[in-house]
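Every chain is numbered from 1, with letters handed out A, B, ... down the list of sequences. Keep in mind the model is a prediction, meaning the values are calculated, not measured. Excluded from the calculations below are hydrogen atoms, water molecules and symmetry mates; all remaining heavy atoms, backbone and side chain alike, are included.
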Amino acid sequence: MIENSTNISEKVGMSPGSLIHIGDIHDQDQHITIIDYTKNSGEVMDVESIDDILKFKDKNSVTWVNVEGLKNIEIIESIGQAFNIHPLVLEDILNTHQRAKFEDYDDYQYIVLKGLFLENKNSTVIYEQISILLLNNFVFTFKEKKDNLFEPIEKRIQNSKNRIRGLGPDYLTYAILDSIIDQNFALLESLDEIIDSIEEELLLNPGADTLKRIQNIKRELIYIRRSVSPLRELLNSILRVESPLIEEKTQIYFRDVYDHVLRISETIELQRDMVYGLMDMYQTSISNKMNEVMKVLTVFASIFIPLTFIAGVYGMNFEYMPELQWRLAYPILWVIFIVVGVGLLIYFRRKKWL
Amino acid sequence: MIENSTNISEKVGMSPGSLIHIGDIHDQDQHITIIDYTKNSGEVMDVESIDDILKFKDKNSVTWVNVEGLKNIEIIESIGQAFNIHPLVLEDILNTHQRAKFEDYDDYQYIVLKGLFLENKNSTVIYEQISILLLNNFVFTFKEKKDNLFEPIEKRIQNSKNRIRGLGPDYLTYAILDSIIDQNFALLESLDEIIDSIEEELLLNPGADTLKRIQNIKRELIYIRRSVSPLRELLNSILRVESPLIEEKTQIYFRDVYDHVLRISETIELQRDMVYGLMDMYQTSISNKMNEVMKVLTVFASIFIPLTFIAGVYGMNFEYMPELQWRLAYPILWVIFIVVGVGLLIYFRRKKWL
Amino acid sequence: MIENSTNISEKVGMSPGSLIHIGDIHDQDQHITIIDYTKNSGEVMDVESIDDILKFKDKNSVTWVNVEGLKNIEIIESIGQAFNIHPLVLEDILNTHQRAKFEDYDDYQYIVLKGLFLENKNSTVIYEQISILLLNNFVFTFKEKKDNLFEPIEKRIQNSKNRIRGLGPDYLTYAILDSIIDQNFALLESLDEIIDSIEEELLLNPGADTLKRIQNIKRELIYIRRSVSPLRELLNSILRVESPLIEEKTQIYFRDVYDHVLRISETIELQRDMVYGLMDMYQTSISNKMNEVMKVLTVFASIFIPLTFIAGVYGMNFEYMPELQWRLAYPILWVIFIVVGVGLLIYFRRKKWL
Amino acid sequence: MIENSTNISEKVGMSPGSLIHIGDIHDQDQHITIIDYTKNSGEVMDVESIDDILKFKDKNSVTWVNVEGLKNIEIIESIGQAFNIHPLVLEDILNTHQRAKFEDYDDYQYIVLKGLFLENKNSTVIYEQISILLLNNFVFTFKEKKDNLFEPIEKRIQNSKNRIRGLGPDYLTYAILDSIIDQNFALLESLDEIIDSIEEELLLNPGADTLKRIQNIKRELIYIRRSVSPLRELLNSILRVESPLIEEKTQIYFRDVYDHVLRISETIELQRDMVYGLMDMYQTSISNKMNEVMKVLTVFASIFIPLTFIAGVYGMNFEYMPELQWRLAYPILWVIFIVVGVGLLIYFRRKKWL
Amino acid sequence: MIENSTNISEKVGMSPGSLIHIGDIHDQDQHITIIDYTKNSGEVMDVESIDDILKFKDKNSVTWVNVEGLKNIEIIESIGQAFNIHPLVLEDILNTHQRAKFEDYDDYQYIVLKGLFLENKNSTVIYEQISILLLNNFVFTFKEKKDNLFEPIEKRIQNSKNRIRGLGPDYLTYAILDSIIDQNFALLESLDEIIDSIEEELLLNPGADTLKRIQNIKRELIYIRRSVSPLRELLNSILRVESPLIEEKTQIYFRDVYDHVLRISETIELQRDMVYGLMDMYQTSISNKMNEVMKVLTVFASIFIPLTFIAGVYGMNFEYMPELQWRLAYPILWVIFIVVGVGLLIYFRRKKWL
């Protein structure tokens, strides 16, 4: 459920650039789709081998190769050789514990980040590493598994009226990045709902389970924050880079993504603040409950302990206890019992303990 | 009541620049006012169509178009086309979950921020997104709903003696920005009052309700802070921008707004500190109350439990208990009861438990 | 007693530069003093009208105009016109909720800051806004009320041997700023004493009153900090400004004031740390007290409840209870009472509860 | 077990550059290995004296001298003289309390950092200071003790097909640095496991021992953080340095190490957050337990104290107590006992105390 | 014992540069030592008057004048005049509440910092302000009192073989600064020991005294931190300064001191973290103790209160209580007592309360 951040250690001591898939292996077949488009055409096809990709190398169109599943290392290696990608980049694509980053190599640019998805069944967060390679006429995306994340973009490309068709691979890169990052909004919305429901629970009927729920959401926020926080730097780097691969008029779109990232970061900070507030409220509610328990004990004990003492006194067996012979002693004592008891009740009510 | 920050997710995957109104829809008719003025004239009129606006395009006067209500998307779209506004800007105007920001496009400048208003009826904070477009001779403002926020500025424009008449659209932009930001002072004042009243309540008679009040103001401050914190950067950008649209002599006025923003930010931080202090006080007051309860219980129990034991001893039915026959045993025992009881009372009073 | 930071809201929507006195109105007459000096002369005189000030405009001496009390707005307005001061500056002088700042207008420089004074009677902090205008041969100071803050400087000017006489208005500005800022040292000293006395109280005999004292000093520190924190930036701006109004050899004196500000800021942070420590100590002392109360209760109850049970057993009225007829039963029972009681006492002493 | 950070004090007042081994002396013999390689050859040999090292000085190969154990100061001194190393560097090599740093001397570069290893036996962290000297054709490494940390690199050098052979001493330096820093991943993985196991313990059965475990991991994290935090700066310095000793194409590898360091730092921060969360959970679990204890006490006492009072009443010895003669009094009383007891039980169950 | 930071207030309003000794007056005679050396000679002598110092002014040797005790203001004033020192510097030398700082005057450089010493008798920290003036061929040091801090440096100068002899006054300044700053290591070591001993105390037997010890070390750390934190900036300034007074080859030594300062700062932060951890542990230990107390009370009360009730029932005096006549009633009741008691004991043991 939660990204296990550290089993990279198995690779310690290996030569850098050794291609091994590190991370949870999503046991899925690899699936490669090519989306090729120009201003006037747009086609989507599934391919199987590197040769199918190389066919597009000399075409003037924008070619987007979407690789889903990282099991088949050879095909990634051959892409690397055919397009002259640095071994460290290939290593990063396969090792799914990357920190989000942007790297500008002269011939291509490498973006890696985490996609965060909410699995509906049991509302856990799924982390998927997505790598984007932006070349002159090519865009490669590498995903851990097959899903329909990029479907809306494919649809837009197939739609002949859509603006995306007339624009270059840099705009496509923007569209991909934007669709990954905007997934976070849905995630944060659902966290908002969870926080609200916990708060309500705290005000009505906090239980041991509530603590666990607070703890879970706190943990989830820590992980989400870790995967979101480097995005700011990533987009800053894209906005500052001077490269022929990204046209100036596309920069404005990346600036828009940057604004989204800022808003996501701020919302996460805000939710952290709120979750800390929940923890405070929980602890306060425990103290309040304890107070209530103590008051009940104190009221019961303080009323009956003195009365029991009085009853005890007249249970003594002394020969010379004049009251014992008095006719009215017993009813008088009941009056005393009631006066003392009611008096203490009034006293505690005055103290607002009842 | 509180801005729901995340339902933008409905738009995920859409083409950027798609114009849809995102946010709580204030079910209000759209209302467009034009305020047109030169040094010598100043008129205010209501208009209905884009053509009414275009008439002013070639006039040499300063024209302020105030659009209240975002329901009618077409008119905003046609303004965008007529004045050559970037689609992303139009999208931002309609999506009312923007972070406050300033963007410098060459022909125009775009400012978006939240106005914070205090609704008097139940003292909740209302957030309204306000967009400002500063063009060469035009200023556009887009508000979520109709209110009298800009009335004082309109009055000043209609007053022939006011300085604003002789100055350009940059000064008008300043006046608008200033009037929006200064709303925060009233808001913070009322928060100050609430904090003071909670503090008083805490010293006199804290209850379960107090916690809820603290929690509410804490939450409100978190939201206010989020909408105020980007204002600093916004004004910094305005002060640093080099554009013919903002004259140097107007910069000094924006510097003044910047000072206001600093003061607002500082006041919010100060109020946060105080609210955290309230939470501490509340928790301390619970502990103090528990202490008081425990002392009452301890005093009652510690005094009467030993006495009850003594009474119990002389309630035993042994045949050979010489004290039982003693004439003075009973009165002597009462003396013992009183001595022990009073002794313990004095002991607890010495400990300052009474 | 404490600066009410927000009633500026009354001015929302007004034209900038509208001269209204905002802030607590110290109901005092306005009092204007002129101190005029050259290397060889130095005179102090009280004046009433703007004309008295204008007489000095063409003299080659350094003229210091000290305006105490802000009731008479016209005289400030006429100073503004005579010396060509920007309306926003005049507005800032009159609105006594300014953040400390330094503004460099070409012909003059504007400094505004808060003076903090300790009122001896009931040890509350008084905030007074002081504005300084440094012109070519003039220095203006505007204070909220009349006091003897500047008396030592006046004395030094009247003393023919003092260095200040031979130096320009920039050095005078330094002297004024220095004397205002150094007031803070006395204030912090007295806070130090209060913190020490609270700490002692906490170790000896903490009470409900202690919490209130801690809360008060915490609040006071929050306010002091707010008024001191912008001073750093203020002095940084003075040190970086390149203006003929401040000679290079005077900069070294402002650097000295800067060091004082750093020390004041550090002392405030240190005192904040200490006050938070006091709060911790207070909460710990409550828990310790509760522990003590609980131990007393536990010891009493745990000793006498078993004894009472034993006594109760032999108070039962069964016909066949052989012990009841034994001659030594009663004394033996007393031995048991004592053994059990003393045994439990020893047990609790071993646990260090007694 | 934990690095004792401060016994450097013994050296206070000594002349700088005095060569004394400061730190825990690992009582081990010194062990020097030379790994010498070119594109076509690669040999590993053990040497004993400085002369054996000097033989390689004029060869064109890359020579890596790995010194394990710092007992023999003379050999380090003679390396220093032979290769013209600054006395302060030699001092730093021998004083094993260095902060990780990179220093660029013109002829050579000095890197010092801590290696963190997990000793499997009792899962404690071992800190070892490792110094790296990068010269024109030489790389020196100085370790505190002999282990197999560098074995994989030696193997790669001996393997004629490995890329490392064809590259210079800067790449070797990268490989060494990378293998040291990647050790941290294994360490953090094991901390992750410990944190998880503590969390589980907290939810199931927290004990006094849990606090100690939390305290220990908190302390360990504080120390690890201290030794990791300067690595960021170290790698930044390497990436910024302009020196013929580090070729541009090697920089990309150091950038990769930099990314690892960022990830390690972030993981440590994340674990700190979690450990603080554990502390919170522990304190909450104590409060919850106390609540449970109090409830049991309150239920027992509140049920039986009133019943005992009633029993006490009819244990009184008054002559005129009519109920005593009633035939059904005793069974009726039992009914009362049961009704009161069960009624209170229902009451407490309603309050969810049972 | 602890530096009283604020009695500078006595000087408020005085002319800057007025020479008054502010601070705790160490009632000691002033003691002036001259250490004069060249590559080939080195002599130490005590002097009494300013004339003795001036003799060395034209010599080509390095002259170090060490002034211990600040009582005799005239001699400091005459040094100021003879060597043309700015009055503000002289003021800073005498006012022993300075923040550590470095000031570059063209002809000389001024360093002021606090020396921290541990007084062995009662392990309190002594703060001593030390000023260093670096002139062309002169170094002045001003200390508050006489001690043997500089003895090792004097010894090194007298030793003809030591490197220090051949180097200039900048190296001497380094040696002095280094010896002052390295004192901190001893201090931090002893704090480490105190923290360890408190932690042990907390695990074994925390008492009210422990809180006081934690509070004390917290306070001490706050003060130490305040005096250490500006050292970073101080050394940064030295490293950045471009002055003929500090040769480039000496810079490397100051860089070494800078590393020491970083390590000291980090150790202080680490110790702060630990002390906060101690506070947490203390509060947790109080809660744990309370839990233990409550369990004892609950176990005693819950076992004996029901038993006492049963005994009370058979102490009632009803005429018709059939059990009272049963022969085996009494022994059966004892069986019931034991079964109920042991049953509750087992119940509480299961709950791990025993």
task = With sequence neighbours excluded, tell me which residues meet side chain to side chain contact (heavy atoms under 4.5 Å, CB included) with C:Ser287.
result = E:Ile286

query = Thinking salt bridges, do B:Lys143 and B:Glu128 make one under a 4.0 Å N-O criterion?
reply = yes

Proximity of residues 337-344 of chain C to chain B, residues having a non-hydrogen atom under 4.5 angstrom = C:Phe337

message = Between B:Ile252 and chain C, with a heavy-atom cut-off of 4.5 Å, which part of the residue counts as in contact: side chain, backbone, both or neither?
response = both

query = In terms of ring plane angle, is the pair C:Tyr127 and C:Tyr223 parallel, tilted or perpendicular, where the classes change at 30° and 60°?
reply = perpendicular

Residue C:Ser229 versus chain B: region with a heavy atom under 4.5 Å = side chain

Choice from B:Lys351, B:Met274, B:Met290, B:Lys295 maximising heavy atom contacts with chain C below 4.5 Å = B:Met274

key: Salt bridge flag under 4.0 Å for residues B:Asp259 and C:Lys101   = yes

Greatest number of heavy atom pairs closer than 4.5 Å to chain C - which of B:Met281, B:Met316, B:Glu319 = B:Met316

message = Is C:Asn317 in contact with chain B via its backbone, its side chain, both, or neither, using a 4.5 Å heavy-atom distance?
response = both

inquiry  = For the backbone of B:Ile176 and the side chain of B:Ser179, can you confirm whether one donor and one acceptor N or O come within less than 3.5 Å of each other?
reply    = yes

note = Whatever's closer than 4.5 Å to a heavy atom in chain B on C:Leu307 counts as both

query = Short question: side chain of C:Asp104, backbone of C:Gln109 - any donor-acceptor pair under 3.5 Å?
reply = no

message = Quick one, B:Phe150 and B:Trp64 - any side-chain contact, counting heavy atoms below 4.5 Å?
response = yes

inquiry  = Quick check on B:Lys352 against chain C: is it the side chain, the backbone, both or neither that has a heavy atom closer than 4.5 Å?
reply    = side chain

query = Can the ring centroids of C:Tyr330 and B:Tyr320 be said to lie less than 6.0 angstrom from one another?
reply = no

ask   = Does a sphere of radius 6.0 Å around CD in B:Gln325 hold more than 12 heavy atoms from other residues, nucleotides or ligands, not counting ones at 6.0 Å or beyond?
value = yes

message = I'd like to verify something: which residue of B:Glu269, B:Lys155, B:Gln283, B:Met294 has the highest number of heavy-atom pairs under 4.5 Å with chain C?
response = B:Met294

task = Could you note down all residue pairs passing ring pair (Phe, Tyr, Trp, His ring centres under 6.0 Å) where residues 283-308 of chain C supplies at least one of them, sequence neighbours left out?
result = B:Phe309-C:Phe304

ask   = Which atoms of C:Met279 come close to chain B, meaning under 4.5 Å heavy atom to heavy atom: side chain ones, backbone ones, both, or neither?
value = side chain

note = The interface call for B:Glu193 against chain C, heavy-atom contacts under 4.5 Å, is neither

query = Do you know which of C:Gly315, C:Pro331, C:Ala329 has the most heavy-atom pairs under 4.5 Å to chain B?
reply = C:Gly315

key: N/O donor-acceptor pair under 3.5 Å between C:Gln129 side chain and C:Gln98 backbone   = yes

key: Max heavy-atom pair count under 4.5 Å with chain C, selected residue of B:Val299, B:Asn288, B:Asn184   = B:Asn288

message = Counting only non-hydrogen atoms closer than 4.5 Å, does C:Ile214 touch chain B with its backbone (N, CA, C, O), its side chain (CB onward), both, or neither?
response = neither

request  = Over 60° means perpendicular and under 30° means parallel, so classify the ring planes of B:His260 and B:Phe185, tilted if in between.
outcome  = perpendicular

Contact origin within B:Asn159 toward chain C - heavy atom pairs under 4.5 Å = neither

inquiry  = Going by the rule ring pair (Phe, Tyr, Trp, His ring centres under 6.0 Å), which residues pair with C:Phe83 if we only count those two or more places apart in sequence or in a different chain?
reply    = C:Phe138, C:Phe140

task = Please look at C:Trp334 and chain B and tell me whether the side chain, the backbone, both or neither of the residue comes under 4.5 angstrom of a heavy atom of that chain.
result = side chain

key: Inter-residue atom distance C:Leu221.CG - C:Arg226.CZ, 0.5 Å rounding   = 14.0 Å

note = Honestly, the part of B:Glu151 sitting under 4.5 Å from a heavy atom of chain C is neither

